[in-house]
Structure formats: structure tokens, C-alpha cells
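Take a look at the structure below.
Heavy atoms only: backbone and side chains are in, while hydrogens, waters and symmetry mates are out.
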Amino acid sequence: MEATLLSSKGRKPELQCSSICIGNLLLVIGALCLRLVPTGCMVTEVGQQKPLRFRKDGEFKILQVADMHYADGKITSCLDVLPSQVAGCSDLNTSSFIHRMIEAEKPDLIVFTGDNIFGLDATDAAKSLNEAFAPAISSGIPWAAVLGNHDQESTLSREGVMKHIAGLKNTLSKLNPPEIHVIDGFGNYNLEVHGVEGSGFENKSVLNLYFFDSGDYSTVPSIPGYGWIKPSQQFWFQRTSMRLRRAYMRNPPAQRAVAPGLVYFHIPLPEFASFDSSNFTGVKQEGISSPSMNSGFFTTMLESGDVKAVFTGHDHLNDFCGDLMGINLCYAGGFGYHAYGKAGWSRRARVVVATLEKIEKDVWGTVKSIKTWKRLDDRFLTGIDGQALWSKSSSGRRRKEIVAL
């Protein structure tokens with residue numbers, strides 16, 4: 001089938017294409033595409049913030065915001081809301097929701113997983129980006145972002161959008177890894193979360209976060225549909241994951257198992273279609289709009305052994321989370337009010353909390369568990385679908401466990 005472009009209203013067609021598996025052979029090709037700078041040549045960025053770390057209470061909380069679809073602020077109307085909500089509803093409702101979530105959850109990191117602006121309706125991309133991220137910037141909380149398939153459709157190129165984001169205040173976003181000269185896409189990077197200050201893990205990453213540009217649309221004429229995570233990106237992930245695993249297991253205090261990793265990008269993998277209502281938490285109300293090309297990234301993550309969960313956006317009416325071979329594949333659900341949705345079905349956000357193991361009073365060790373839930377943009381910011389994603393004792397494979405909210 002031919003790929004169908006999105007309308008100006010951002011209603012995304014479902015791409016029902018069969019997967020084309022190409023296997024890990026592509027990673028060998030990807031390796032040839034990268035020219036690497038020796039590790040000792042890495043340069044610390046000017047003005048780089050202090051490393052992320054767990055709080056004194058042994059927790060690290062991440063707020064995921066998916067698909068803001070911000071455009072021109074107050075003059076941009078809302079889509080798919082109840083008739084009683086239409087009057088006065090605009091992009092400002094999206095901003096208000098972010099403010100409410102920040103106040104309620106007090107996250108340690110905010111992650112925006114693409115389609116941050118809806119380029120076709122954004123008159124000035126830079127202005128729209130500034131306004132879209134303004135609640136995160138004003139909060140003073142570190143934040144990170146990746147690109148979706150709509151961010152570049154205004155007055156900035158895809159590279160230009162990511163450069164602009166990386167230059168904003170309080171962001172940890174990067175254009176690309178500083179040690180890599182050639183890699184597909186813009187906004188591939190990783191962040192390390194260190195242990196509690198004053199503990200034996202204060203200078204050691206105990207939770208690793210990976211961010212990817214999952215592309216927009218296929219540039220290969222014979223392959224229709226959306227973009228995918230390319231071999232060069234996967235090779236960078238393999239190299240980075242291996243480096244972090246070795247450091248975690250060798251450097252004092254040495255560990256027997258790897259530190260858990262979480263992965264964030266926009267377009268879901270074909271493997272998201274592996275679930276039904278019997279084996280996920282949440283809802284599936286539309287098709288899985290993944291690439292028609294299966295580039296093997298799920299297998300790459302599985303082989304790394306450290307990834308415990310993947311978080312995406314893109315399909316606004318899906319908010320489920322399911323375990324596939326020890327890796328949780330999770331949607332956040334649609335957040336923005338200028339994004340397509342379903343009238344009467346609240347906009348929502350996903351929260352993830354990693355908790356350290358308490359060795360003794362006021363002494364914290366490594367990550368013990370990772371949990372998640374969602375909050376709705378209703379009067380009470382209702383929390384729903386609490387679940388455990390991973391625990392140290394389960395090795396990433398567990399029965400469904402409900403988390404009290």
C-alpha cells in the first residue's frame with residue numbers, strides 16, 4: 001500500500017503493512033557507517049548540568065508527555081473534545097495540563113516523546129517550540145525531548161528543530177552523541193542517573209536512559225509508511241549499552257547484574273502489535289501505526305540485556321503497557337489538545353518511578369523496582385493503571401502486579 005500523508009488536522013491514517021524483517025545483519029552495515037572518536041577524546045559540554053541522580057528518599061520519577069501537537073497557542077483550537085469544552089479550548093489547555101502534572105507529581109525529569117509541535121499549523125516553529133516547552137523550562141526541572149513525525153513540518157528543518165530544542169534552558173536534550181560523527185536522525189543520546197548523593201553509588205549510573213529519533217516517513221521508495229530506527233542508531237546503542245554495562249559491573253562497587261535501562265522514542269515498534277487485552281494494562285483503541293519495516297531494534301534491545309521498558313507516543317488513543325520477553329512496551333496516551341483524540345476520553349500522561357534498594361537506614365543501593373501509572377486531565381488528575389514494570393528479583397519477567405495509587 002502507498003503511504004498516506006497526514007491531513008492538516010493531524011488525523012493519522014492507520015498503516016496496515018506487513019513487517020519486513022531484516023535481522024541483525026543490518027547492524028554490521030551500520031557499524032561501517034559510523035566513524036567513532038576515541039573515548040578519551042570526549043569533551044564536556046560548556047554549561048553542562050550536574051548529573052541526574054536519585055533523591056534522598058531513594059526514588060527517581062520521570063513524567064512522559066507524548067504528542068503535545070502545539071501550534072500557535074491561544075488561537076489554535078482543540079480537537080476531539082466534548083461540545084461543552086470547545087469554547088475557549090486551545091493549546092493553552094495543553095500547557096495548563098503540564099503545569100498541573102508538574103505540581104502534582106514533582107518529577108525529577110520530564111521527557112517529551114515527539115510531535116511536540118504540529119508543524120503544519122505552527123506559523124513559527126521556534127516560537128511554537130518555546131511556548132510548548134515553557135512549562136517545563138519555568139519549572140526548573142531537567143527535561144529531555146525527542147522528535148516525532150510532525151515537528152519538522154513548519155519553518156525549521158528536522159535538524160533545525162532539534163538544534164533549537166538542545167539550546168533551550170534546563171534541557172538535557174542533545175542533537176546527537178558528541179562522540180559520533182555520523183548517525184541517522186537527530187536527537188539520539190543517553191542520560192545516566194546516578195545513585196543518591198553520599199552513597200557508594202553517587203558517581204555510578206544505576207539507571208540508564210536512551211533516547212532515539214525514530215524518524216518521520218520512509219525515504220525508501222519501495223518501503224511505504226513511517227520511518228524506523230536505523231542500523232547506525234542501533235550500533236551506537238549497542239556500543240553505549242556495552243560501555244555502561246561494563247562500567248557498572250566492573251567499577252567499584254562492582255555489580256553482578258546490569259543496571260536497568262529505559263528507552264524513549266516516538267513511533268512504536270512493530271512488536272507493539274503483539275498484545276491483546278489479555279496481556280496488557282490500559283487500552284488499545286486504534287491500530288498500531290508502526291513502520292512497515294521491522295529493523296530489528298527490539299531484538300537488539302533484547303540482546304543488550306539491560307532494557308526493561310520502552311516508552312512511545314504516536315498513537316494517541318492507545319495507552320497500554322505490556323511485557324514482551326522481559327521488555328515492557330508502553331504507550332503514554334495522547335497529551336495535547338490540538339492532537340486527534342476521542343471526545344470524552346481524557347488526555348493523559350505517564351509517570352515512571354524507579355526505586356532503590358534500602359540496604360540499611362539512610363543507606364541506598366541499586367535499583368530495586370520500576371513502576372508506572374497514568375494520570376488523566378480531569379478535575380482530580382485521576383491516577384489509573386498502576387503497574388510494576390520490573391523488579392530486581394524478577395529479572396524483568398513477572399506476573400502482572402497492580403500498584404496502588
Side-chain angles (χ1 to χ4, degrees), residues 54-55 57-67 97-113 141 193 206-207 209 260-264 268 272 274-285 307-313 315-335 341-342 344-358 364 366-405:
F54 278 75
R55 302 191 304 253
D57 64 359
E59 289 191 343
F60 187 85
K61 183 182 290 188
I62 303 172
L63 167 63
Q64 181 190 359
V65 175
D67 298 273
F97 186 19
I98 300 176
H99 281 298
R100 296 180 71 208
M101 284 299 303
I102 290 173
E103 183 177 356
E105 291 288 359
K106 297 176 175 57
D108 301 291
L109 178 68
I110 306 169
V111 176
F112 297 89
T113 49
I141 297 170
V193 185
V206 296
L207 178 67
L209 309 178
L262 306 178
V263 178
Y264 290 88
F272 273 70
S274 303
F275 305 105
D276 57 43
S277 58
S278 69
N279 57 5
F280 65 62
T281 299
V283 298
K284 177 176 180 275
Q285 302 179 111
V307 175
K308 308 307 176 188
V310 172
F311 302 95
T312 68
D315 297 326
H316 308 174
L317 298 181
N318 295 337
D319 73 352
F320 68 79
C321 194
D323 184 323
L324 182 63
M325 302 183 203
I327 297 179
N328 289 273
L329 302 180
C330 304
Y331 281 107
F335 189 100
K342 182 179 179 180
W345 194 68
S346 299
R347 266 60 176 185
R348 57 204 58 212
R350 182 172 289 281
V351 178
V352 174
V353 173
T355 304
L356 299 177
E357 182 177 18
K358 196 167 190 178
W364 298 99
T366 58
V367 177
K368 177 182 69 175
S369 65
I370 301 173
K371 301 176 182 179
T372 187
W373 60 86
K374 300 185 293 285
R375 283 196 184 273
L376 309 181
D377 190 21
D378 58 16
R379 179 181 176 185
F380 303 103
L381 282 179
T382 304
I384 62 169
D385 295 339
Q387 65 184 113
L389 297 179
W390 175 83
S391 69
K392 182 182 291 188
S393 60
S394 71
S395 297
R397 310 183 82 163
R398 61 182 303 117
R399 295 174 299 171
K400 185 183 293 185
E401 178 179 326
I402 304 302
V403 174
L405 299 178

* To do: Indicate yes or no: at least one non-hydrogen side-chain atom of Val367 is less than 4.5 angstrom from one of Phe54.
  => yes
* To do: Quick one: pull up NE2 in His316 and NZ in Lys342 and give me the separation to the nearest 0.5 Å.
  => 15.0 Å
* Let me see the working for Ile62 and Leu262 under side chain to side chain contact (heavy atoms under 4.5 Å, CB included), right down to the final yes or no. => CA-CA 11 Å; Ile62 303 172; Leu262 306 178; 4.1 Å; yes
* Measuring from Ser274:OG to Asn279:CG, what's the distance to the nearest 0.5 Å? -> 8.5 Å
* **Whether Asn328 side chain and Leu389 backbone form a donor-acceptor pair below 3.5 Å** => yes
* Structure fact -> CG of Leu376 to CG of Leu381, rounded to nearest 0.5 Å, is 8.5 Å
* Nearest heavy atoms of Ala66 and Gly333, plus distance in Å -> CB-O, 3.9 Å
* Pair Glu105, Trp373: side-chain N/O donor-acceptor within cut-off below 3.5 Å -> yes
* Asked: Is any side-chain heavy atom of Val206 closer than 4.5 Å to a side-chain heavy atom of Leu356?
  -> yes
* State plainly whether the residues Arg348 and Asp377 are in salt-bridge range, i.e. N to O under 4.0 Å. => no
* Hey, is the main chain of Gln285 close enough, under 3.5 Å, to the side chain of Asn318 for a donor-acceptor pair? -> yes
* Asked: Does a salt bridge link Asp108 with Lys61, judged by any charged N lying under 4.0 Å from a carboxylate O?
  -> no
* Asked: So do Lys284 and Phe275 actually touch side chain to side chain, heavy atoms under 4.5 Å?
  -> no
* Asked: Is it true that a side-chain atom of Glu59 and a backbone atom of Thr355 form a donor plus acceptor pair closer than 3.5 Å?
  -> no
* Is there side-chain contact between Val351 and Met101, with heavy atoms separated by less than 4.5 Å? -> yes
* Asked: Is there a side-chain contact between Pro260 and Leu207 (heavy atoms, below 4.5 Å)?
  -> yes
* To do: Apply side chain to side chain contact (heavy atoms under 4.5 Å, CB included) to the pair Tyr331 and Thr312, showing each step before the final yes or no.
  => CA-CA 5 Å; Tyr331 281 107; Thr312 68; 3.7 Å; yes
* To do: List the steps, then state whether side chain to side chain contact (heavy atoms under 4.5 Å, CB included) holds for Val310 with Ile327.
  => CA-CA 7 Å; Val310 172; Ile327 297 179; 4.0 Å; yes
* NZ/Lys358 to CH2/Trp364 distance, rounded to the nearest 0.5 angstrom? -> 4.5 Å
* **Closest heavy-atom pair and its distance - Phe97, Arg375** => CZ-O, 3.9 Å
* Asked: Is the backbone N or O of Ser278 less than 3.5 Å from a side-chain atom of Asp276, with the two atoms forming a donor-acceptor pair by type?
  -> yes
* To do: List the steps and the verdict of side chain to side chain contact (heavy atoms under 4.5 Å, CB included) for Val283 and Trp345.
  => CA-CA 11 Å; Val283 298; Trp345 194 68; 3.6 Å; yes
* To do: State whether the side chain of Arg100 and the backbone N or O of Asp378 hold a donor-acceptor pair below 3.5 Å, judged by distance alone.
  => yes
* Does a side chain donor of either Ser369 or Lys392 reach within less than 3.5 Å of an acceptor in the other side chain? -> no
* Asked: For Val352, which of Leu109, Thr372, Leu63 qualifies under side chain to side chain contact (heavy atoms under 4.5 Å, CB included)?
  -> Thr372
* Parallel, tilted or perpendicular: which describes the rings of Phe272 and Phe320, with under 30° parallel and over 60° perpendicular? -> tilted
* Does the Lys374 side chain pair with the main chain of Asp319, one donor and one acceptor, at a distance under 3.5 Å? -> yes
* Looking only at heavy atoms, which two atoms of Pro268 and Gly313 are closest? And how far apart? -> CD-O, 4.0 Å
* **Pair Gln387-Lys371, side-chain donor/acceptor within less than 3.5 Å** => no
* Structure fact -> Rounding to 0.5 Å, atoms SG (Cys330) and CZ (Arg350) come to a distance of 5.0 Å
* Asked: Are Phe335 and Asp67 side-chain neighbours, meaning at least one heavy-atom pair lies under 4.5 Å?
  -> no
